[in-house]
Protein chains: 2
Amino acid sequence: MPTTLVGTMVNGKINYAAIAWVGIMESDMITIAVNKGHYSNNGIKEHKTFSVNIPSVRLARETDYCGLVSGKNVDKSGVFRSFFGELKTVPLIEECPVGMACKLADTFDFPQHDVFVGEIHEIFCDDSCLTNGKPDFAKIDPLLFILSGRGYWKLGERVADAFKVGKELRKTSE
Amino acid sequence: MPTTLVGTMVNGKINYAAIAWVGIMESDMITIAVNKGHYSNNGIKEHKTFSVNIPSVRLARETDYCGLVSGKNVDKSGVFRSFFGELKTVPLIEECPVGMACKLADTFDFPQHDVFVGEIHEIFCDDSCLTNGKPDFAKIDPLLFILSGRGYWKLGERVADAFKVGKELRKTSE
């Protein structure tokens with residue numbers, strides 16, 4: 001899964017949490033599963049907004065740090081440089097190539113996690129990570145998370161065209 | 001996102017759909033967002049079960065094919081060799097290194113998608129893809145999907161230890 005940094009305002013302060021248990025529901029709706037003991041949940045419930053930022057591999061250390069320490073005990077507002085878009089309760093991360101400012105659309109109550117559904121209100125992508133005006137993940141270099149073996153991984157190379165490579169098989173089997 | 005193949009029984013026949021809009025909610029609960037026009041939805045609603053299989057890069061062609069054609073028009077039961085675990089309405093794919101047999105725990109009604117929540121009942125992993133008894137994603141070689149640019153991508157190398165690499169930063173900032 002892609003590792004993300006979820007930005008919130010909690011008790012008037014910027015906070016960032018590392019979350020890899022994410023999901024896609026619709027083209028403009030994503031989920032983040034945040035453990036009920038986490039600090040971010042309060043900010044999301046209060047403001048009904050949050051950001052989902054995609055860090056690059058070069059931010060592995062800072063991202064992991066945001067997963068190791070809680071905003072309850074440590075002020076993480078200075079780990080990154082922050083900026084705001086239209087939503088004034090949604091801190092976004094300058095250093096991350098991609099950031100999505102979300103409005104809370106729904107919350108699903110799972111046993112251990114609050115699953116927050118975010119409707120994407122604004123997307124920010126560094127110009128340096130675009131190719132022909134579209135986000136290019138080879139340039140974004142996302143930090144992938146695999147729980148088995150507790151590791152961060154890099155994205156490899158593009159291997160095939162989706163919605164195309166399977167057409168060969170269609171010709172032979174239909 | 002990881003590309004998956006969702007296995008169902010629809011109208012008494014095995015069917016496989018390619019789904020990359022997945023999510024993790026809990027350690028044993030995952031979601032698949034299936035477009036409401038798809039054929040698989042009927043089988044999931046009827047039997048309240050489905051499988052989520054993880055294809056390797058070498059299955060790009062077959063996986064893409066399962067995304068290009070609908071079970072409404074084409075019999076996809078022979079694209080892969082199938083097997084069953086304890087749940088007799090959950091076909092799993094021999095050729096995929098990882099398969100999860102799921103019971104339907106909930107369904108979320110999104111505008112364009114039925115989002116099915118699966119509680120993982122059984123997991124199968126090829127012996128050849130284990131290292132020290134755990135799934136090794138370097139061996140699994142998952143087929144990653146990136147909508148921007150409509151491509152399949154390979155997983156790259158492991159770059160850092162999660163829950164560890166950030167500890168250096170903790171020492172300096174606390």
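The figures here come from the full heavy-atom set of this structure, side chains too, leaving out hydrogens, waters and symmetry mates. Lettering of chains follows the sequences in order, A, B, ..., and the numbering in each one begins at 1.
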Rounded to the nearest 0.5 Å, what separates atom CD1 in B:I140 from atom OG in A:S148?
7.0 Å

Between B:R150 and A:F163, which heavy-atom pair has the shortest distance, and what is it?
NH2-CD1, 3.3 Å

Residue part contacting chain A, namely of B:P135, when any heavy atom lies under 4.5 Å:
both

Tell me, for B:M1 versus chain A, whether the close heavy atoms (under 4.5 Å) come from the side chain, the backbone, both or neither.
side chain

Option that, when pairs with chain B are counted at under 4.5 Å, heavy atom only, ranks first among A:A60, A:A20, A:S27:
A:S27

Minimal heavy-atom distance between B:A162 and A:Y152, with the atoms involved, is CA-CE1, 3.4 Å

Heavy-atom count around A:N73 CG within 6.0 Å, excluding the residue itself: above 12?
yes

Would you mind checking which part of B:V34 comes under 4.5 Å of any heavy atom in chain A, side chain (CB onward), backbone (N, CA, C, O), both or neither?
neither

Do A:V52 and A:L92 share a hydrophobic cluster, counting only Ile, Leu, Val, Met, Phe, Trp and Tyr and linking them when any side-chain heavy atoms are less than 4.5 Å apart?
no

Consider only side-chain heavy atoms of I, L, V, M, F, W and Y, link residues closer than 4.5 Å, and tell whether B:F124 and B:M100 are in one cluster.
no

B:L144 versus chain A, the contacting section by heavy-atom distance below 4.5 Å
side chain

Go through the atoms of B:T63 and report whether side chain, backbone, both or neither lie under 4.5 Å from a heavy atom of chain A.
neither

Kindly check if the number of other-residue, nucleotide or ligand heavy atoms within 6.0 Å of NZ (B:K134) is above 12?
no

Is the shortest heavy-atom distance from the side chain of A:F110 to the side chain of B:V117 under 4.5 Å?
yes

Smallest separation among heavy atoms of B:D64 and A:K164, with atom names:
OD2-N, 2.9 Å

So which part of B:A138 gets closer than 4.5 Å to some heavy atom of chain A, the side chain, the backbone, both or neither?
both

Of the listed residues (A:A105, A:G23, A:G67), which shares the most heavy-atom pairs with chain B below a 4.5 Å separation?
A:G23

Path from B:L104 to B:V10 over hydrophobic side-chain contacts below 4.5 Å:
no

Do A:L68 and B:K167 touch side chain to side chain, with heavy atoms closer than 4.5 Å?
yes

If you group Ile, Leu, Val, Met, Phe, Trp and Tyr by side-chain heavy-atom gaps below 4.5 Å, do A:I44 and A:V90 land in one group?
no

As an exercise: rank B:L147, B:N132, B:D161 by heavy-atom pairs under 4.5 Å with chain A and give me the winner.
B:D161

Main-chain N/O of A:H113 paired to B:E26 side chain as donor or acceptor, under 3.5 Å
yes

Residues B:W153 and A:G156: closest non-hydrogen pair is CE3-O, 3.3 Å

Looking only at non-hydrogen atoms, find the nearest pair between B:M25 and A:V115 and report the distance.
SD-CG1, 3.6 Å

B:P142 versus chain A, the contacting section by heavy-atom distance below 4.5 Å
neither

With the 4.5 Å side-chain cut-off for hydrophobic clustering, are A:I14 and A:V79 part of the same group?
yes

More than 12 non-hydrogen atoms from neighbouring residues, nucleotides or ligands closer than 6.0 Å to NZ on A:K13, yes or no?
no

So, the side chain of B:R158 versus the backbone of A:I146: is there a donor-acceptor pair under 3.5 Å, distance only?
no

Any side-chain heavy atom of A:I24 sitting closer than 4.5 Å to one from B:V22?
no

Does any non-hydrogen side-chain atom of A:F108 lie less than 4.5 Å from one of B:D106?
no

Side chain to side chain contact (heavy atoms under 4.5 Å, CB included) for A:L143 and B:V159? Distances and angles first, verdict last.
CA-CA 9 Å; A:L143 184 68; B:V159 292; 4.3 Å; yes

Only pairs of heavy atoms separated by less than 4.5 Å count here; which of A:P2, A:A33, A:G151 has the most with chain B?
A:G151

Quick check against the 3.5 Å criterion: does B:E168 have a side-chain atom that pairs as donor or acceptor with the backbone of A:R61?
no

Side chain from CB out, backbone as N, CA, C, O: work out which of these in A:T131 comes under 4.5 Å of a heavy atom of chain B, or both, or neither.
neither

Quick one: are A:K154 and B:L155 in side-chain contact, heavy atoms under 4.5 Å?
no

